[in-house]
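Working notes for the structure below.
Reminder, nothing fancy here: chain letters follow the sequence lines and each chain counts from 1.
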There are 2 protein chains.
Amino acid sequence: MAKKVLIVGGVAGGASAAARLRRLDESIEIIMFERDGYISYANCGLPYYIGDTIQEREKLLVQTPQAMKERFRIDVRINSEVISVDTVKKCVTVQSKDRGVYEESFDNLILSPGAKALRPNIPGIDNSRIHTLRNVPDTDKIKAFVEEKNPHSAIVIGGGFVGVEMAENLKEKGIETCLVEAAPHILAPFDEDMVISAERELSQNGINLYLNDGITGFSDTDRGVKVHLKSGKVLEAELVILAMGVRSDTEFLRTSGIELGERGHIKVNERLQTNIEGIYAVGDAIEGIDFVTERKTAVALAGPANKQGRITADNIAGLQSTFDGFLGTSIIKVFDLTAARTGANERTLKAAGIEYKTVHLYPMSHASYYPGAFNISLKLLFDREGRILGAQATGYEGVDKRIDVISAVMSLKGTTEDLTKLDLSYAPPFSSAKDPVNMAGYAAENVRKGFSHMTTWDEVLEDEEDFVLLDVRNTEEYELGHMEGSINLPLNELRNRLGELNKDKRIVVYCQVGLRGYIADRILTQNGYQALNVTGGYLSAKDYLY
Amino acid sequence: MAKKVLIVGGVAGGASAAARLRRLDESIEIIMFERDGYISYANCGLPYYIGDTIQEREKLLVQTPQAMKERFRIDVRINSEVISVDTVKKCVTVQSKDRGVYEESFDNLILSPGAKALRPNIPGIDNSRIHTLRNVPDTDKIKAFVEEKNPHSAIVIGGGFVGVEMAENLKEKGIETCLVEAAPHILAPFDEDMVISAERELSQNGINLYLNDGITGFSDTDRGVKVHLKSGKVLEAELVILAMGVRSDTEFLRTSGIELGERGHIKVNERLQTNIEGIYAVGDAIEGIDFVTERKTAVALAGPANKQGRITADNIAGLQSTFDGFLGTSIIKVFDLTAARTGANERTLKAAGIEYKTVHLYPMSHASYYPGAFNISLKLLFDREGRILGAQATGYEGVDKRIDVISAVMSLKGTTEDLTKLDLSYAPPFSSAKDPVNMAGYAAENVRKGFSHMTTWDEVLEDEEDFVLLDVRNTEEYELGHMEGSINLPLNELRNRLGELNKDKRIVVYCQVGLRGYIADRILTQNGYQALNVTGGYLSAKDYLY
Ligand SMILES: Cc1cc2nc3c(=O)[nH]c(=O)nc-3n(C[C@H](O)[C@H](O)[C@H](O)COP(=O)(O)OP(=O)(O)OC[C@H]3O[C@@H](n4cnc5c(N)ncnc54)[C@H](O)[C@@H]3O)c2cc1C
Ligand SMILES: Cc1cc2nc3c(=O)[nH]c(=O)nc-3n(C[C@H](O)[C@H](O)[C@H](O)COP(=O)(O)OP(=O)(O)OC[C@H]3O[C@@H](n4cnc5c(N)ncnc54)[C@H](O)[C@@H]3O)c2cc1C
Ligand SMILES: CC(C)(COP(=O)(O)OP(=O)(O)OC[C@H]1O[C@@H](n2cnc3c(N)ncnc32)[C@H](O)[C@@H]1OP(=O)(O)O)[C@@H](O)C(=O)NCCC(=O)NCCS
Ligand SMILES: CC(C)(COP(=O)(O)OP(=O)(O)OC[C@H]1O[C@@H](n2cnc3c(N)ncnc32)[C@H](O)[C@@H]1OP(=O)(O)O)[C@@H](O)C(=O)NCCC(=O)NCCS
C-alpha cells in the first residue's frame, strides 16, 4: 500500500513540503490540513495589500486547493483543524467544518502550524477596533475596516517587523499612525546603534514613536479606542494593530507526547524529526539551533520555513537532508530605508557569553563619483580568530546585497580574511573596486592583527581615564560640529605636528566615518603613541548619541 | 637606512599598494612613478563622464599627487615613465618630463603598469577621428571632440565592456551610434544564450549592431571616416571609438629578466612576486591562475588590481598575503539591463576540457506579488560533484546581488548543495522566500541526483533520434506561440492523459521557463517514460533561437 503522509498547516512550510514530496514520489498519498479557508498565501505580502501597494487580493494566494490538487495531486482539506495527534496509533483527529470530527491515520506526519500573534491579557483588549495580523481572514477584516470606516488615525503596538510594516502601510493609506514599543528601541534583531536610522526614517515620515513604553490597558471611546501607556500617556485612535510578537501555535500537541520546548516550540533534530520517529516539524513552530551561538532559538521567518518544508519532504522520501541552524538573516523596508541583518547581534553574543569585536563602516553603495550613491552603515561582528559572528546594515541601496554576501560567507564558515578576498562584481553603478564587504573584511583584519585600535563611543563615554580626544577632520568639518572636548588636528598635518601631542596620554582619535581615524591611528601608533580610533567616527556619534 | 620601494604606475594597483604600504610602515621611502599627468583616476568612470552621467571632471580624480603626498607621504612623480628595470643593480631608469633621464634604486619594486588599448595595424587607422580610451588624456580628447565638433554619428569597434559602455554613453549624448564586433556576439565573458538580451537592449535603444564582422580598413571622407568591414559593408561616421581589447603595457620590461608570458603579461606567484626576489607585479599587466580552470589567465579588472596592490604591500611589509586566483566576476550596465557573471563560462570550460552541466532559470527578482519584480535570467554551471564552475545573469534588478552571492560561495569552494542552504534576506520588496540563488541550487542538485533530466535547445535541435516534443503549458500559452513540431498537453492534465504518449519514444518536455517541465519530467519518469526537460523553457528559446 502507498505510504500516507499528513501535513498540518497549508502555507509556507506545509505547502512547500507537500509540493516537494509529490515531485519526489508520485505514489505517496498526501493530505494537507488547513484550519482556515486559504492555503499557500503570501503572509509577507499582507501588510502591503492593506497599504494598497499590492492591489489585487488574488495575488496573495500563491496556490489554491484546486490548483494544488490538479498539479500535485494533494488532497487539500481546508477549514479542517487538526485538534490532536495520537503518536501511538499514528493518527490525527480533525475538526472539519463540513465533515465534523474524524480521525485520519498516517505513516508520516509533517507539522507546520506556524505561530500566532500574541494577544496578551490586557484590560479592554477585546475590542473590535483592535486587530492582529497573521492570515488572510485577519487581513480581510483590517482591509474592510479601513475601506469602510475610513479611519483617520491608527496606533500600532509593537515595533517588530510586522508592526513597522503595518505602520508604514497605514501611513501610506493616509492614516495618521503612531507606533508604541515597550523596549527602548524597535526592531530587536538590530543593535541600538543600528536601529536609530530606522526610527528616524519612521519619524521623518510622520510616524510618532513611543519607545520604552508598555501598554496597561485599552478603553472605548465614541469614535475609537484609548491606549493607556505605562508612562501615563494616553493615545487615542480609530484603529489599533497589535503586533506584539508571536507564539508557536502548538496547543493541539500538548498531550501528544511530541516534545515541546519551554515556550511551546516543537523540538526537532537536524533532520527536522521530532522525538517521535516519522513525525517531522518545520517553520515558525519549531525550536532549532542558532548557527552562531549554538544555543536553542526559534526564528519566525519564511525563508527557513520554506526550506525546512523541502528538507522534510526529502527525508520522508528517503534522501538525507539537514537543516544546519538558524542564521536569522532578515530584512525590512522602512519607507525609503532598508535595514538588514544576519547572524548574532551584540545582545545575543553577550547573552551567550561570546567575546566579540566590532567594526562599523559607512562605505558608499556604489562608486561615489557615479550618481545616486549613498552611504551604507555596515556593522560587522567577529571574534579574535576571524570568525564572523554577525552583520547589520542600513541604507538606501545595496544593503540586501551586502548582508546576503556576508550571510553566504557565514553559512560556509568563512572568516573576515575570506571577506577581503571576495571577488565581487564591480562597475561604477553597482559597487566600488573594493566592495563594502571587502572593506569590512579589511577593517576587521586590521583590528585582529593589531594594526587598528578601535573603540566605540559607548566605551569612550564610559572611559574614566584621562585621554586626549582628537578630531582629525579638516578644520571646516570640525567647525561645522564636533564632539565636546575634542581638539582638532587635521590628518594631513598630523605627521608634522606630532610634537603638540602628549605621549603620556592615550589619544582617542575620530574622523567622519573612521577611515582617516584609522590612518591617524597608524601614524600615532608607529610614533610611539597609544591611540584608539572610534569606529564609525562622527557620523556614528551623530546617528547614535544624538 | 629606510627601505626604499618604487612603484611603476599610479592608478588602481599602484596607488592602492602605495597607500596600504604607508599605513603599514611609516618608515619606508615610497616613490610612485606615473607616465601620465594623473594618478588615482577612476578609469571605470571615464565612459560615463563622456556621456555626461558624471558631470564633474574632478570627481574622476580620486587622489592627486599633492593629496597622496600630504596624507601618505608618497613621493609621486608624474610625467615620469620608467623605461627600463635593472634587476641586478636593482634600479630603474626614468624618463621624466622635467628631470630628463635618471636612475632610481630600490629595495622593492611594484609593477602596476596596466594594459593599453589595442590599436592594430589596419590601413587608415591613424586618423584623428579614431580614438581609444584608457586614461584621462584620452578622455579629454574624446570629450573635447564631442563638445566642439558636435558629431552626429559614431562607430564603436569592439563589443567588450568598454565598447558597450562607450556605445551607450555616446547614444545618451544624442549621437547616432553603431557597434561593430568581429565575433558572433558581444561581451565574450558571457555565453551566447546569455548575451542575447544585452544585444537586444542595445538594439532597442537604437544602437545598430554589426556582429560577426571584422574591420578591414578606414578611409577619410569630407566630414568623417569610413569603416570598411569584412562583409563588404561600409559604415561612415564622424567619430570612431576603437575598443578592441587591451594588451599588457610591459614593453619596458622586455630585456629586464623579469619573466613575461606569451602575451607579454608579467608572471607572478601567489604572493604576486615575479621571478625576481623583491619585485612584485599586480593588475592588468599580470598573468595569474584561473580559480576554476586552474589555467593561466589574465583579467583586466579594477577589483583584482586594487586587491592585488594591497596584497603586495602586505608582502613587502612582511605580512603573508596571497592572491588565490581569478574568478573574473564582472558586471555591466547596458541601458536599463544589468549583465553579470562569475567563474568560467561554457567556452572556457570546453577549452579546459572540464565537464559541466547547466541549469537555466528565470526566477523573479523579488516576490512576484510585490510591484516591480522582473525575471532574472540565471545560468549556473556546475560539475557532477556539485562544484560550482560559473554563473551568469541578466535582468533589471538584483542581478548583481545574485552573482555576488554565488561568487562568494565559489570563493569559499562551496557547492550547489551549499546554495540550497543559504539563508538570504527575504521580504517581498527584496527577494522570495527561496531566493533565486537557492532555486538555482535546487535545480542543480536535482540534476546531479538524477531527479531532473535537463537538456538544452542546442542539444534538442541537434538530436537525430526520434522524439516527442511536448509542450506542457496551458492551451492558451501554446496557442500564443510554441516550438515547431511540439504537441500540447497541459501539465495539470498530464497524469490523466499519460496513455496518449508513446512509451517507446523519448519525450522532450518544455514549458515557459523550465519549472513545469521539471514537474512533468518527474511525473513521466516515475511512470516509466524516458523524459528530458529543456532548461529555460520556451523563454530561453525565444531569447536565444529567435
Ligand atoms: C504580516 C506578516 C508579514 C511577514 N513578513 C515576512 C517577511 O517579510 N519575511 C519573512 O521571512 N517572513 C515574514 N513573515 C513570517 C512568515 O510568514 C512565516 O515565518 C512563515 O509563514 C511560517 O511558515 P509556517 O509554515 O511555519 O507557518 P504559516 O505560514 O503561518 O502556516 C501555518 C498554517 O497552519 C495552520 N494551522 C495552524 N494550526 C493548525 C492545525 N492545528 N490544524 C490545521 N491547520 C493549522 C494555520 O492556519 C496556518 O495557515 C511574515 C508574517 C506575517 C504574519
Ligand atoms: C574605460 C574603462 C572602463 C573600465 N571599467 C571598468 C569597470 O567598470 N570595472 C572594472 O572592474 N574594471 C574596469 N576597467 C578596468 C580597470 O580600470 C583596470 O583593470 C585597472 O585600472 C587596472 O589597474 P592597473 O593598476 O593594473 O592599471 P591602470 O589603472 O591602468 O594604471 C596603470 C598606470 O601605469 C602607468 N604606466 C604604464 N607604464 C608605465 C611606465 N613604464 N612608467 C610609469 N607609468 C606607467 C599608466 O600610465 C597608467 O596610468 C575599465 C578600464 C577602462 C579603460
Ligand atoms: C508555492 C508553494 C506551494 C511551494 O511550491 P514549490 O513548488 O515548492 O515552489 P516553487 O513554485 O517555487 O518551485 C520550486 C521548485 O521548482 C524547481 N524549479 C524552479 N525553477 C526551475 C527551473 N527553471 N527549472 C527546473 N526546476 C525549477 C525547483 O528546483 C523546486 O523544485 P524542488 O523543490 O523539487 O527542487 C509554497 O512555497 C507556498 O505555499 N508559498 C506561499 C506561502 C509562503 O511561502 N508564505 C510565506 C512567504 S510570503
Ligand atoms: C584611492 C586609492 C589611492 C586607494 O586608497 P586606499 O587608501 O587604499 O583605499 P580607501 O580610501 O578605499 O581606504 C581603504 C582603507 O581604509 C580602511 N577603512 C575603510 N573604511 C574604514 C573605516 N570606517 N574604519 C577603519 N578603516 C577603514 C580599510 O581597511 C583600508 O585600509 P587597509 O588597506 O590598510 O586595510 C586607490 O584605490 C586608487 O587610486 N583608486 C582610484 C583608481 C582606481 O582604482 N581605478 C579603477 C577603478 S575606477
Subject >> Nearest-0.5 Å distance, CG of residue Asp400(B) to OG of residue Ser425(A) >> reply: 5.5 Å

Original post:
Between Leu419(B), Ile406(B), Thr329(B), which residue shows the highest count of heavy-atom pairs closer than 4.5 Å to chain A?
Top reply: Thr329(B)

**OP:** For each of Asn446(B), Leu494(B), Ile311(B), tally heavy-atom pairs with chain A at distances under 4.5 Å, and name the one with the top tally.
**Re:** Asn446(B)

Original post:
Side-chain contact, heavy-atom cut-off 4.5 Å: Tyr426(A) with Leu301(B)?
Top reply: no

Original post:
Where on Tyr442(A) is there a heavy atom nearer than 4.5 Å to chain B: the side chain, the backbone, both, or neither?
Top reply: both

Subject >> Max heavy-atom pair count under 4.5 Å with chain B, selected residue of Ile54(A), Val62(A), Ile331(A) >> reply: Ile331(A)

Original post:
What part of Phe72(B) lies closer than 4.5 angstrom to a heavy atom of chain A: side chain, backbone, both or neither?
Top reply: both

Original post:
Can you check whether Leu61(A) reaches Tyr369(B) side chain to side chain, under 4.5 Å on heavy atoms?
Top reply: no

Subject >> Part of Tyr48(A) lying under 4.5 Å from any heavy atom of chain B >> reply: side chain

Original post:
For Asp418(A), is it the side chain, the backbone, both, or neither that has a heavy atom closer than 4.5 Å to a heavy atom of chain B?
Top reply: side chain

**OP:** Determine the option with the most heavy-atom pairs under 4.5 angstrom with chain B, choosing from Gly414(A), Ser27(A), Gly45(A).
**Re:** Gly45(A)

**OP:** Tell me the residues of residues 516-525 of chain A whose non-hydrogen atoms fall below 4.5 Å from those of chain B, in number order.
**Re:** Arg516(A), Tyr518(A), Ile519(A), Arg522(A), Ile523(A)

Original post:
Is it the side chain or the backbone of Leu24(A) that comes within 4.5 Å of chain B heavy atoms, both, or neither?
Top reply: both

**OP:** Of all the heavy-atom pairs spanning Ala433(B) and Asn306(A), show the shortest one and how long it is.
**Re:** CB-ND2, 3.3 Å

Subject >> ring-ring contact (aromatic ring centres under 6.0 Å, His included) involving Phe326(B) - partner list, sequence neighbours excluded >> reply: Phe323(B)

Original post:
Quick one: what part of Glu26(A) sits under 4.5 Å from any heavy atom of chain B, side chain, backbone, both or neither?
Top reply: both

**OP:** Answer with side chain, backbone, both or neither: which region of Ser330(B) has an atom nearer than 4.5 Å to a non-hydrogen atom of chain A?
**Re:** backbone

Original post:
When only pairs under 4.5 Å are counted, which of Asp324(A), Ile403(A), Leu60(A) shares the most heavy-atom pairs with chain B?
Top reply: Asp324(A)

Original post:
What option among Thr420(B), Val405(B), Asn527(B), Asp435(B) has the most heavy-atom pairs under 4.5 Å with chain A?
Top reply: Val405(B)

**OP:** Identify which part of Leu422(B) has an atom lying under 4.5 Å from any heavy atom of chain A, answering side chain, backbone, both or neither.
**Re:** both

Original post:
Would you call Gln526(A) and Asp25(B) a side-chain contact if the rule is heavy atoms closer than 4.5 Å?
Top reply: yes

Original post:
So which of Glu493(A), Lys333(A), Lys59(A), Lys307(A) has the largest heavy-atom pair count under 4.5 angstrom toward chain B?
Top reply: Lys307(A)

**OP:** Please look at Tyr370(B) and chain A and tell me whether the side chain, the backbone, both or neither of the residue comes under 4.5 angstrom of a heavy atom of that chain.
**Re:** both

Original post:
About how many Å separate NZ of Lys401(A) and CG of Leu424(B), when rounded to the nearest 0.5 Å?
Top reply: 14.0 Å

**OP:** Return the minimal non-hydrogen interatomic distance between Cys44(A) and Pro428(B), and the atom names on each side.
**Re:** O-CG, 3.2 Å

Original post:
Between Ser411(A) and chain B, which part of the residue has a heavy atom less than 4.5 Å away: side chain, backbone, both or neither?
Top reply: side chain

Original post:
Measuring heavy-atom distances to chain B, does Asn496(A) have an atom under 4.5 Å in its side chain, in its backbone, in both, or in neither?
Top reply: neither

Original post:
At their closest point, which heavy atom of Asp423(B) faces which heavy atom of Gly328(A), and how far apart are they?
Top reply: OD2-N, 3.1 Å

Subject >> Part of Arg310(A) within contact of chain B (heavy atom distance under 4.5 Å) >> reply: side chain

Original post:
Is there a donor-acceptor pair under 3.5 Å between the side chain of Arg495(A) and the backbone N or O of Arg71(B)?
Top reply: yes

**OP:** Working to the nearest 0.5 Å, report the span between OG of Ser321(B) and CD of Glu417(A).
**Re:** 7.0 Å

**OP:** With rounding to the nearest 0.5 Å, note down the distance linking CG in Asp404(B) to OG in Ser431(A).
**Re:** 7.0 Å

Original post:
Side chain, backbone, both or neither: which part of Arg402(B) has an atom under 4.5 Å from a heavy atom of chain A?
Top reply: neither

Original post:
With respect to chain B, which residue among Asn438(A), Ile332(A), Leu412(A), Val437(A) yields the maximal number of heavy-atom pairs within a distance under 4.5 Å?
Top reply: Leu412(A)

Original post:
Does the side chain of Thr322(A) come within less than 4.5 Å of Lys421(B)'s, by heavy atoms?
Top reply: yes

Original post:
Does any heavy atom of chain B fall under 4.5 Å from the side chain of Leu327(A), the backbone, both, or neither of them?
Top reply: both

Subject >> Top contributor to chain A contacts, counting heavy-atom pairs under 4.5 Å, from Ala12(B), Ala42(B), Pro304(B) >> reply: Ala42(B)

Original post:
Does a side-chain heavy-atom distance below 4.5 Å link Arg23(B) with Phe451(A)?
Top reply: no

